[in-house]
Each structure stands twice: as C-alpha cells, then as structure tokens.
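This chain uses plain numbering: 1 for the first residue, then up along the sequence.
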Amino acid sequence: MQSFRTEIENPIVEKDIIELRDKIAQFNNLQLDEEKFRSLRLARGVYGQRQQGVQMIRIKLPYGKVKSNQLKRIADVSDEYSRGRLHITTRQDIQIHYVDLNRTPELWADLERDKVTLREACGNTVRNVTASETAGIDINEPFDVSPYAEAIFKFFLRNPICQEMGRKFKVSFSSSDNDTGLSYMHDLGFIAKIENGVRGFKVMIGGGLGSQPRHADVLYDFLESDKIIPLMEGVLRIFDRHGERKSRAKARMKFLIKNIGLASFKTLVEQEQTAIAFTSVPINVDDYEVSKPVNIDHIPKVVIKDQEKYTVWRTTNVISQKQKGYVAIGIKVLLGDFYTDKARLLADLVEKYAAGEIRLSLRQNILIPFVKEDLVPFFYQELKKLDFVEAGYNKAVDITACPGTDTCNLGIASSTGIAEELERVIKTEYPQYLNNQDLVIKISGCMNACGQHNMANIGFQGMSVRTPEKLVAPALQVLLGGGNLGNGKGKFADKVVKVPSKRGPEALRRILNDFEKNANGQTFEKYYNTKGEKYFYNFLNDLQNVTNLTQEDFIDWGNKEAYVKEIGVGECAGVVIDLIATLFLESEEKINNAKSAFIDKVYSSAIYHAYSSMVNSAKALLLAENVKTNSQANIISQFDEIFTKSNQINLETSFSDLVYQINKYAPKEEFAKKYINDAEDFLNKVKHFREKETAVTENTI
C-alpha cells in the first residue's frame, strides 16, 4: 500500500484509499460491524454481488465521458482484477464484476493514475451525474451542459453534506427540450434554457422510478446557471435532515416531496440559503476541457463490400453534429457488455481519428463524437473488425436491460436472457423496426427499475408466478404506454398483465402485430393512449394462465436448470443500523473532520461536520433508550422531548436551538469555531450521561 503515496498525486484521494484498506482489515479482523462496513465500501463504489465472496466495482464517469487513456486504464484494471468484461449501466457508469474485496484499494489506486474514481458510485450519496450523451454536439442544444454537469460532480464529491444521507440522490442534465437526460424521473433534473441571453435551466425535482414511480415537479421554470450549485446544496441539506431513515422503501426524495408538499419543501430550501457559503457560484465554461478533434491530413481509402449493410448502418447509427463537417457514430452494445480487447482498440481508434474520447449513453451504448464525415467509411471498416457495426443504435431493436439474476442480489428473473431473445424476435420477424426510434423497449430484473422498464413504451419487469400446485416459475410483468414527452414531461407505463417468462416473446409479437395493424401511422405512445389499458389486457390475458405450464416454463431465459426464486439483501441504499459505541466514535471522527476543515478554512464543511456529529451523538442516546427515529429532524425534536425538557441533560438551551444555529448564521470563521466547540461540548455531555446510566445499570445487576 505504500506505493499509493508515490503514485497518487492527490493527497485526499490517497487518504480515501488508505482508509478503505484499513477498514477492510478491521472488517476482516471482526473489529468493524458488517452493516457499518457496508456503508463505507458502498460509498467507495464497492458493491456486493449475487455470488458470494466477490464484489462488483462501479466506476463513476460523469456524464458518460471517457477519454481514450481512461478507457485503456479501465481495461487494464478489468484484466488485472477481474475477467476482462466491462458493463455499461443506464447511469453512464462502467461496472466490473467478480473482484476480490481485499484487492479493491489497489484497483482504485490503479484507476486514479488516470483520474478515474470509484468514490460515491454507490451508497447513500450523490450518484453519477448523468447527461445527454450528445451534450456539446447536439444540433438542438442552446449550449453545452457538460461543464455544468462536471461542476456539479466536482462540487459534491466528498462534500460532507451528502455522505450519509437516508438514500441515494440522482441528478441529470438534458441538452435540450427533447429531455434526453430524462429529467422527469430524477431527484433533481436540469434542462438547458436561455432567457434574455442568460444561460440557465428548467429545474425538475422529486422524480423517480422503482415500485412507485413519481413524475418530478417543476421547481423552477428558469434558474440562472450560477444558482444551480447553491440550490442543490440547499436541496441536499433538507433531504439529509428531513428524509426518511428508518424505512428505506420510503427514503427517496420523491416521498419527502410527496409528504410535505412542494411549496413547503421549497420554503425550507430557501430558508437554508443563509447557511450556504455562496448564493452565486458562477461556472466558468472556459475552464472546461472542450472536446477537440485531432487534425487529420490523410483520409484512408476504403472499399465497402456490402454496400447495402453499410447504408442501413449509416442510416441508423450516424448522427449529425452541430459542428460542420463532423458526425457522431453510435455503437449498439448488446446489454451494455463488451470486452477489454475491443475497448483498447476502440480507444486507439478515437485517439488517432476522432477526439480521443467516447460517451456512454443512458441506453448502455457508446457514442463516438467528432468523426469527420469523410472518415465514416473508414470507421465502419474499423468498427466492423470489432463487431461494433450492428445497425439500430437507439432504435426499437436496441433493448435496455439491467444485469438481473446474472449478478444482482435483488434480481428475481433473468433480464439479460429475455432481452437477447426479444432482440432476436425483432431482428428476424420485424426487420422494419430496425430504424424505428419511436418504440422504446426496456427490461428490469426486479421492481427497482435499474433497466428503467416503467418509463418505456413496452416494458418488462422480472417477477415470479406460483401455480395452483405451489410450483414457482419465472415471470414478466408487461407494462405499456410509458414514454418521454420532452421538456420535463413524461408518462409512466401501466401494468397490464403478468405472464410466465417464456411467453414474453409471444406477448411482444401480439403487441407489435396489433400496432402494425391498428396504429395508422401513430407513435406507439399515441396508439396506446387511443386504445387504452383494457384493450391490451383483453388480447394478452390468456397468456397469464398458469394452469398449463410446461417443463420449459420453469427454466428461465439463459439458464439450463429449474428456476429458484432467490433474493439477497439489496445494497443500493441500505439503512445503516449502528451500535451506540460506534456512533460515539463516529461523532469524534466528525469533530476531527470539522477541525481539519476549519484549519483549511473551509468553514461550510467544518460546520456541517459539526452538525453531523451532534445529530449522531443524539441518535446514540435515543437508541440507548430504544427510541425509534426516522429522520434527522425527528432525532433533534425527540432528543429535546426526552432529555432536554426533563433536564436529564442540561444544555442551557434547547437541543433544537443549539443544532439549528446551522441555518441561522453564515458559514464564517467565528461561527464555525463556536459551532465546533458546541458539538464537542455536546458529545462530552452525552457520553458522560451514558457512562452514568451504564454504571447505574451495572450496579443494579
């Protein structure tokens, strides 16, 4: 591990990796509680997978941009620590599976040599900031959102206000009113706008998928670009304080907005602005490293043998750019999986003939920007060598699917297996859909919607069905009618029928056949709205019958053995249950962090560390009294009710007044110093109280 000190230039990153190494050692030596360790490793991109003894590593790649040197580094890491396979997610990340936990610090250190991070790719944090993959080249965009997405990513990475929230928090940026960043299904979504010559964003809040999808509300029709960071800080502070922490099923932003109302939430965010260091954070786009194509003097001559295939590919996979003379090339990546040998060759290709980068898309594909129009035949030839010229980029045949039961603990049914079969059905039986971009099909292996099934025109969700004889078979919930309507508007799909998985292709055939026959030129979304849910239920209903299952129906797609429903413990955002002693130790760590931030003159961070310490300390005493808490705000009020009003602990004020100084004073040096002292004094008082109570109990026994 000493090599980290010589190879990692950033001391903050070095400290992070060494901390992970030390925590792994403590966990292996049974010195660290498993639940607490899970929280720490998740916030560092280390995720337990379905197979015991190995981890999935999620690499955080803001807005999906990957430079050629970074792609090569990721490929090297996958070969060294895993099996050479890379998986693109629907959040523009890359995942590597089957990694030994003890090697994860070393893996992270290797990635950081090319400025690639794992930090906060999982856990109760701000997840990867996603954006339209065409950002910067989109012919419809008012401006490039990439610098703003990167600024958000950098500002909130390791930021103390969002390290231990009740649940994950997802942010997106859309280049234009087409809303290709899908703002309406995010905790916070930004759509690029210009008003009176000023750059800004339409701001959406409180959206989400999962078992209870919710359409985001409009928080602002227009917010100047210099206000988006202060706004997001205020939103995160309120979410951290008032968000649910007991029931993880209710702990997302969408439930908080639903419970207290948009107007009340907005008021809380506005009141919080006093505690935020800057009311305006201008984002200097000149500091952003703009994508630039390489200079090419010679255009290689290419002879295309199969002109028909090339023409189809060019029609479906080549996208016009706003930059004259350049196009972007889409690579359809089946289920988001590709291997390191292809990754290296692709990295070499874009480095020599494009802009030295690729973009990962929300549909698990790859986009190559800044390809000279004259080079398109050459790129086709080179990509064909990599088997990367399958037609249908972002079209109906391009099905999105999560890993499902392949590796995920929460998977109920195979999403990858059925996705491959449905793509085969479309290619062979409905070739006319190869160039259809109005039909979106998505699949998830469970209700958590990592495959975004409930926002698709046609969606499938992994489930199980039970026969009258109580036998269990894999199944699919068929959802219809969802879609992105643009400018922050969308529609979630209706649950129509639940069919055994092996009948999924037949369900798709019936839907497409009826669409062909009765749509009369309408988009699928309009066709579905015209017909209505009951219409589809009627001609799909017989597929739900489970009294006539064959032996084949009990074997899931891509498997040979009989189906067994196995659901592990999900780690997407598990609520951490802490021991009292551990909480006190954490409070001390938070105070030390506050003091370090104070020395560095980062007063806003120092204050928030102190705030976290006080809430943490109060939570410890409440747990000792078997008092259940479900938010930080409740911890504060319950502590007053039980300990302060009864004078069991004398604070010379209420605990609420002590803590809520945080949103009454600006983050200046004098207040930061006082607040840290208050937190340290409070910790000493509650620890002393706990020691006395423990001593009395022991003497009684």
Can a salt bridge be assigned to the pair [X] and [Y] using a cut-off of 4.0 Å between side-chain N and carboxylate O?
{"X": "Asp187", "Y": "Arg252", "answer": "yes"}
{"X": "Lys67", "Y": "Glu289", "answer": "yes"}
{"X": "Arg237", "Y": "Glu233", "answer": "yes"}
{"X": "Lys687", "Y": "Glu691", "answer": "no"}

[X] and [Y]: side-chain donor and acceptor closer than 3.5 Å?
{"X": "Glu357", "Y": "Ser291", "answer": "yes"}
{"X": "Arg359", "Y": "Ser132", "answer": "no"}
{"X": "Asp114", "Y": "Asn69", "answer": "yes"}

Does the plane of the ring in [X] sit parallel, tilted or perpendicular to the ring in [Y]? Use 30° and 60° as the thresholds.
{"X": "Phe655", "Y": "Phe682", "answer": "parallel"}
{"X": "Tyr288", "Y": "Tyr63", "answer": "tilted"}
{"X": "Phe689", "Y": "Phe643", "answer": "perpendicular"}

Check Arg241, Lys590, Lys619, Arg245 against Glu164 for a salt bridge (Lys or Arg N to Asp or Glu O under 4.0 Å) and give me the one that passes.
->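 Per the salt bridge (Lys or Arg N to Asp or Glu O under 4.0 Å) rule, the option paired with Glu164 is Lys590, out of Arg241, Lys590, Lys619, Arg245.
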So, do Phe671 and Tyr603 have ring centers that fall under 6.0 Å from each other?
->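 Distance test on ring centres: not under 6.0 Å, no.
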First locate atom CG of Leu658, then atom CZ of Phe639, and finally report the distance between them rounded to the nearest 0.5 Å.
->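 The CG atom of Leu658 sits 9.5 Å away from the CZ atom of Phe639.
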Spacing of Thr125 atom OG1 and Arg158 atom CZ [to the nearest 0.5 Å] |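 Between atom OG1 of Thr125 and atom CZ of Arg158 there are 12.0 Å.
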Reference residue Lys193; test side-chain contact (heavy atoms from CB on, under 4.5 Å); the match among Tyr220, Phe143, Phe201, Phe222 |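 Testing each of Tyr220, Phe143, Phe201, Phe222 against Lys193, the sole residue satisfying side-chain contact (heavy atoms from CB on, under 4.5 Å) is Phe222.
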